[in-house]
Amino acid sequence: MLHDHEADYHARRAREEAVRAIHARGQAAAIHQELCLRYSGRMIAALILGAADRVRRRPRGA
C-alpha cells in the first residue's frame with residue numbers, strides 16, 4: 001500500500017484533538033470533539049481519494 005502523507009497528517013491531528021477533548025471541559029471539549037470529527041472526515045476522504053486515484057492510474061488489464 002502506498003504511503004499517504006495527507007491521511008497521516010489528518011489522522012495525527014484527529015488523535016490530538018480527541019485527547020484534548022478528553023481532557024477539556026464544557027464548550028472547550030465540544031470544540032475539540034468537532035475538530036476531531038473534521039480531521040477524521042478529512043483523513044477518510046484522503047484515503048478514499050488516494051485509493052481512487054491509484055485505481056484510475058492503473059494500466060488497463062492490470
Side-chain angles (χ1 to χ4, degrees):
M1 182 172 176
L2 296 175
H3 196 70
D4 189 337
H5 296 288
E6 187 173 333
D8 285 346
Y9 168 78
H10 292 307
R12 186 172 55 253
R13 288 299 309 264
R15 183 180 186 285
E16 290 172 3
E17 293 302 333
V19 170
R20 289 178 181 151
I22 291 168
H23 294 289
R25 295 178 191 238
Q27 289 181 333
I31 290 169
H32 289 299
Q33 289 172 356
E34 170 108 11
L35 289 171
C36 176
L37 288 173
R38 287 183 184 206
Y39 282 116
S40 296
R42 289 179 181 176
M43 177 195 64
I44 293 167
L47 290 172
I48 291 170
L49 292 174
D53 188 47
R54 285 189 291 276
V55 168
R56 189 170 43 96
R57 291 182 183 191
R58 186 182 319 163
R60 292 188 182 246

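In what follows, residues are counted from 1 in the order of the sequence shown.
Arg38 pairs by the salt bridge (Lys or Arg N to Asp or Glu O under 4.0 Å) definition with Glu34, not counting sequence neighbours. With sequence neighbours excluded, the residues satisfying side chain to side chain contact (heavy atoms under 4.5 Å, CB included) with Arg15 are Val19. Every residue two or more places apart in sequence or in another chain that forms a side chain to side chain contact (heavy atoms under 4.5 Å, CB included) with Ala21 is listed here: His32, Gln33. Legend: residues meeting salt bridge (Lys or Arg N to Asp or Glu O under 4.0 Å) with Glu6, ordered by chain and number and at least two apart, are absent.
Distance check: Cys36 SG to Ile31 CD1 gives 14.0 Å after rounding to the nearest 0.5 Å. In this structure, CD1 on Ile44 lies 11.5 Å from CG on Leu49, to the nearest 0.5 angstrom.
Here the shortest heavy-atom pairing between Met43 and Ala7 reads CG-O, 3.6 Å.
Applying the side chain to side chain donor-acceptor pair (under 3.5 Å) definition to pairs two or more places apart or across chains, those involving residues 19-29 are Glu17-Arg20.
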